Amino acid sequence: MVDEDIKLIGKDGIRRDGRKFDELRPITIEAGVLKRADGSAYLEWGENKVLAAVYGPREMHPRHAQNPSRAVVQARYNMAAFSVPDRKRPGPDRRSVEISKIMSEALEEIIFVEQFPRSSVDVFVEVLEASAGTRCAALTAASVALADAGIPMSDMISSCAAGKIDGQIVLDLGKKEDNFGEADVPLGMVTSSGKITLLQMDGNLTLDEYKKVMELAMNACREIYQIQREALKKRYSTSLEGYEDIEDTEEE
Amino acid sequence: MVDEDIKLIGKDGIRRDGRKFDELRPITIEAGVLKRADGSAYLEWGENKVLAAVYGPREMHPRHAQNPSRAVVQARYNMAAFSVPDRKRPGPDRRSVEISKIMSEALEEIIFVEQFPRSSVDVFVEVLEASAGTRCAALTAASVALADAGIPMSDMISSCAAGKIDGQIVLDLGKKEDNFGEADVPLGMVTSSGKITLLQMDGNLTLDEYKKVMELAMNACREIYQIQREALKKRYSTSLEGYEDIEDTEEE
Amino acid sequence: MVDEDIKLIGKDGIRRDGRKFDELRPITIEAGVLKRADGSAYLEWGENKVLAAVYGPREMHPRHAQNPSRAVVQARYNMAAFSVPDRKRPGPDRRSVEISKIMSEALEEIIFVEQFPRSSVDVFVEVLEASAGTRCAALTAASVALADAGIPMSDMISSCAAGKIDGQIVLDLGKKEDNFGEADVPLGMVTSSGKITLLQMDGNLTLDEYKKVMELAMNACREIYQIQREALKKRYSTSLEGYEDIEDTEEE
Amino acid sequence: MKELISRITKDYLFRLIKEGKRLDGRDLLEHRKLDINTGWIGTAEGSARVHLGDTDVIVGVKMSIGEPFPDTPDKGVMITSAELIPMASPKYEAGPPREDATELARVVDRGIREGHVIDTTKLCVTKGEKVWLVFLDMHILDFDGNLFDACGIAAMAALMNSEVPAETFDLGDNYKLPIGHVVIPTTFYKIKDQIMLDARLEEEMIADARLTVGTNEKGELVSMQKGLSGVFEYEDTISCIEKSREIGDKIRALLKDKV
Amino acid sequence: MKELISRITKDYLFRLIKEGKRLDGRDLLEHRKLDINTGWIGTAEGSARVHLGDTDVIVGVKMSIGEPFPDTPDKGVMITSAELIPMASPKYEAGPPREDATELARVVDRGIREGHVIDTTKLCVTKGEKVWLVFLDMHILDFDGNLFDACGIAAMAALMNSEVPAETFDLGDNYKLPIGHVVIPTTFYKIKDQIMLDARLEEEMIADARLTVGTNEKGELVSMQKGLSGVFEYEDTISCIEKSREIGDKIRALLKDKV
Amino acid sequence: MKELISRITKDYLFRLIKEGKRLDGRDLLEHRKLDINTGWIGTAEGSARVHLGDTDVIVGVKMSIGEPFPDTPDKGVMITSAELIPMASPKYEAGPPREDATELARVVDRGIREGHVIDTTKLCVTKGEKVWLVFLDMHILDFDGNLFDACGIAAMAALMNSEVPAETFDLGDNYKLPIGHVVIPTTFYKIKDQIMLDARLEEEMIADARLTVGTNEKGELVSMQKGLSGVFEYEDTISCIEKSREIGDKIRALLKDKV
């Protein structure tokens, strides 16, 4: 991954896109953006644009895949053909199959699956524009969509990556940094408990570097959690407004 | 589609294959050509060679696709690998999926589907040689095969295209005319009522041109209906002959 | 298949790998090599390396494929990607589909399928290294694996090919001999009765040559049967040893 | 699909329609609110998101260099695909019907291709060897009926918004994708002998027949597709074409503003 | 498949067969009426439709230019495929069994390939670069048993009827596809220890074992395929080969007239 | 999968684990017996069969010449695939779960790729045109849990055993596949808050969470993958990494002897 000619961090310690080592790209989240889905969220994270929709709990099809004692969580991560510089062929590839699997597992941890035997909770994430860090963006958006759908959950999951570029530990690698950096560690965290529900790593890190990476990523997850909460609060107040409107109408 | 160098109509108003603007290519239809199928028809239309077979009404598989209140009509349009100048890969492509869909819908209109809940009526059309206008040929042959199978129907469907070449409105475009013409309008018509059950158009037509196209195509459908009826009449008399033979045998 | 420049048999009548015309390549078989499978066998035959595993009789899935009056025998012949000089794409190709089919049919003959209605007997053969004659190796190994699984059988199947190279009839063609020879006849035989359960042929043989080929192949099958029996005897005695150990333990 | 709607809703809809009324108070031949956003996706050569009421679709255009078809050696190539992703509807749970997506993609494709929306003669790099490939990918995000119009309009808008990425391929400066004509599709639904425009999902589910009409800025007819098992009278098709030209002009004006 | 035939029909067939008789009055080793029509399809380089009793198949040959295999750089390439289309039988409703089509295609393919029916050395254009590809596509239209013989004969007839389309590829004048040998397959069925030729569907459904034998005009054996779960005695195979040579000669004579 | 194990076995396993014990008497952080056989397959450029207890896998390496990726024109290309063949387990009857095989292949792939196990810069033949392709194919023969370690170790051994088949492609003498680093994966399972190494199938079936850690000969971390729906504490991951380095060194020593 190392390319000697490319400098990702300036002498002033500032990254190519102007960020400091521990700075996130701008993140905005909007909950409840789709009408048909039971819950949804739209998230922009730097140049990443991600839409998440939740259906369920609903009767699982096909029946033979039902679990008689709990709900099955099925996440589907999908990239739009136009979401990357070189057009992607539509349909699942090995990368998206893997990400769908680890997202499903991560989300299952926080959902009260025992309450919904024989059901499925389906989470669909569409990556409309991709620019490094889409699995963290997807998992973060999916958590908000699940909450928007009113799925009983023990907590939220927030997700962010940290890694190493030019020998330095930095938070939330951008596209160039991901391509030419030395290590990337996507983390998914159950925010209140600090427990790890998604963790991958590739590249090259000493144990000390790993510790620094995790510190950065875990702090960032807490920061992202606040953005998730704000999105839900805003959605909740909007819903209430809508509710009041209806009451007004009824009073007339 | 316009190519300035190619003249499709001579100065005498005669087309390359010797036809006048409102003249069909030669059409022959034979009903009852297959033994296993419940009904069948073989049709030649110019160079087009099309075979249609009908099975049903029969119990629909898979069961979950059954409709409890009526029969499902499933047409399958398929081109043989050797039916076109450049060999076609076997199996359905997007074009044949679309044609199968609109054929199914067109045929459903005339079949008394309410009489056969949970059943399917399966219509298989094989294009053995293709030379422009195969979907009209397929729909025309399928109607005869349905009648041959004794499927209760309210009417027949007859089908023919008209279009524009060299700026003139003509009936039943041939291969060259289709490739280099300016517009093509395949029409499927419930013959007695004159109602439209299949209609597509692509190319470029003014509203007036559209009206002329439709007049030509609708008249041709009535002409084709007579050929369909003749084929069934001939089949019916052959069957009767067969029936008489059996009676003779029984008398001995 | 004939290439004039390549001599497969020397003037002394000895083949390129040192064998005489009626000589088998070395064959070793070990039964009971896998833990999960109900029965298994590992076979080396010249450079061929083949592993066979048996599961069943077990309830057949999917249910609609069950036979209410007998077990269904399903053999699956598969070549590892690295088993041939030019890497093979993983997954079934037309050749392996055909071999799986004729293997299933051949094995069904000797299994008491009537004893196990609605069941399947699944035979999985993996070719780990291929060097001509893999279908005979696969069928021979599968028979041993079935016996190891304790599947009730009327007899064993032994399998071997013979053919023609340089105009002479020889037994058990090797890789070069198969590529440049004139005919190959893989045979599967129910050993005690001498009946033919698998037979294929391609190339060019007169009737007399065919008779000589069959004589060689049938004799070889009887020879291979002894190797199969030895493998099972050895396995049986090993099992008994294990059984005695258990008894010892119980006596303590 | 007709079975997925309750008998009561169905009857209510039929009653309304007989009176020439609709669920959302629209007139029979009135479109829903149309929102067009273009240039949304940075990785695409062009993009458009279209809301037609609650139907929400996004179309992205990608371009690269490839080989022309042998019979059109000097023309660019367009490849269209539609994904009815399960996000868009609870009915797509077990995967959306493949033939619906195929018909949708092909109808949008024909409107653009046969209407000469893209001037493909300006997309040749080396005759017979290298031409521009234009990939048009449609994603359905929220499905409340009438995908034909939503996708057709979004495709038109995305193409008008597209830039040929010549620089990426060392072929000089980027330039606007050459647009020949502006084609707008309009879809009509027949329910109990009434013809209505732009059906919502519930209306679409009880429709007997469907007719999509595409016209260009000259009022010429460039594409038609009849769907579903019901029938149209010849006269119906004439009035649909006339109405389509009228609506097409309005949407073309809106597009001009937006792109 | 055995389950799809009623017990009564089965018992009746068994009784007949024990007496050496058949449903349609034929002798055990008699072929059904064989009809061969060639040159039927204008878009194909060669074609043949074969009726073997009520079994009805069509084989088309298409040719184009492609790359040779690395180990045979100066030889043309043949690609065979069979489609058991659902038109042919009520049993193919849910799609015909894939392995049946595969075995059929491969057995026909081997007879032609190993019998050197096509002289592939005459199909080289530029050694190691360009050779003729011969696509052989079989369609089953009506299925009344014994597809191996119907398709094998139709394939042979279609190849003998084929013309190499050199003009289309600017490679000089068209010429007849070079035929090396004329290979005819004959398929035998064993039912209750009786061996019969050319089974109809009902017979095929109760057969214990099947043996296809392909021979050429010199009486040489070029291909064999045993199928189904029953067994043959060695002596059975000898008599089948002898009979196959006899029948093969008759059909070769018929082919010579027809093509 | 949790449902396929009986409640009694489950409870028994839980009881054992709470006491820090295991079914086969191992300590929680002890590997099963590891057997490595290399060079087994003559048709492969390199191969290894690994037994990890009763888990039995084989990995074969094949190489050929192909095109590099545009962004790494001077580097060889590795393609990894895993087949969970139905031979390996009664549970794979109806076909093994596709996503399990995909995750397995990708995790092994990443360990090798990101750990720079193959020095791909030495696998370039002609920059931008021809490089060596390295195909790594894993077959699971007998499945008793922990495929990640068995396959990861077998892949490493097979690569160390591989020879570049230059002679076959007329590119000079064969030479050993250039190895940059020796990466060993170690997989930990969390059950009821206990962390154990190298689970057998029954243990894997009741595990809450899984963590695979790959380290190289310098003790550097090169790949991690957390799996299953349970969670890890941050501190857990630290101790897993430390243990992985220790185990990795032992296995690297073993590999040096074997290859």
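Throughout, protein chains are lettered first and strands after them, A, B, ... in sequence-line order, and every chain is numbered starting at 1. The shown structure was predicted, so the numbers you read here are calculated from the model rather than taken from an experiment.
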Criterion side-chain contact (heavy atoms from CB on, under 4.5 Å) on D:Thr237 and B:Leu199, from CA distance to verdict: CA-CA 10 Å; D:Thr237 69; B:Leu199 179 62; 4.0 Å; yes
For the pair B:Asn204 and D:Glu114, evaluate side-chain contact (heavy atoms from CB on, under 4.5 Å) and give the outcome as yes or no after the intermediate values. CA-CA 8 Å; B:Asn204 189 296; D:Glu114 303 297 335; over 6 Å; no
Step-by-step salt bridge (Lys or Arg N to Asp or Glu O under 4.0 Å) determination, B:Lys101 to D:Glu103: CA-CA 8 Å; B:Lys101 183 176 192 287; D:Glu103 187 184 16; 2.6 Å; yes
Determine, step by step, whether D:Val213 and B:Met201 satisfy the side-chain contact (heavy atoms from CB on, under 4.5 Å) criterion, reporting the C-alpha distance in whole Å, the side-chain angles of both residues, the deciding distance to 0.1 Å, and the verdict. CA-CA 9 Å; D:Val213 178; B:Met201 181 261 158; over 6 Å; no
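At a 4.5 Å heavy-atom cutoff, the contact between B:Leu198 and chain D is made by backbone atoms alone. When heavy atoms are compared at a cutoff of 4.5 Å, D:Ile241 approaches chain B solely by way of its side chain, counted from C-beta outward. Looking at B:Met189, there are no atoms closer than 4.5 Å to chain D (heavy atoms on both sides), in backbone or side chain. Neither the backbone nor the side chain of D:Asp236 comes within less than 4.5 Å of any heavy atom in chain B. Looking at B:Lys195, the atoms closer than 4.5 Å to chain D (heavy atoms on both sides) sit in the backbone and in the side chain alike. For a residue to count as touching a neighbouring chain, one of its non-hydrogen atoms must lie under 4.5 Å from one of that chain's; by this rule B:Val185 does not touch chain D. With a 4.5 Å cut-off on non-hydrogen atoms, D:Ser244 does not touch chain B at all. Using a 4.5 Å cut-off between heavy atoms, D:Arg245 contacts chain B through its side chain alone, with no backbone atom that close.
One finds the CD atom of D:Glu220 at 7.5 Å from the OG1 atom of B:Thr206 (value rounded to the nearest 0.5 Å). Interatomic distance, CZ of D:Arg98 versus CZ of B:Arg94, reported as 10.0 Å (0.5 Å rounding). To the nearest 0.5 Å, the span separating OG1 on D:Thr102 from CD1 on B:Ile99 amounts to 12.0 Å. Rounding to the nearest 0.5 Å places OG of B:Ser193 at 7.5 Å from CD of D:Glu233.
Without hydrogens or angle criteria, B:Glu105 side chain to D:Ser229 main chain gives no donor-acceptor distance under 3.5 Å. In terms of modelled atom types and a separation under 3.5 Å, the side chain of D:Lys226 and the main chain of B:Gln200 share no donor-acceptor contact.
Contact check on D:Arg113 versus B:Asp202 returns no salt bridge, with no Lys/Arg side-chain nitrogen under 4.0 Å from an Asp/Glu carboxylate oxygen. For D:Arg106 and B:Glu98, the salt-bridge test passes: some basic side-chain N is under 4.0 Å from an acidic carboxylate O.
Scanning residues 78-90 of chain B against chain D with a 4.5 Å heavy-atom cutoff picks out nothing at all.
Within a 6.0 Å sphere centred on CZ of D:Phe14, heavy atoms belonging to other residues, nucleotides or ligands number more than 12. No more than 12 heavy atoms of other residues, nucleotides or ligands sit less than 6.0 Å from atom CZ of B:Arg229. Within a 6.0 Å sphere centred on CD of D:Glu242, other residues, nucleotides and ligands contribute more than 12 heavy atoms.
Counting only heavy atoms from C-beta outward, the side chains of D:Val231 and B:Ile196 never approach each other to under 4.5 Å.
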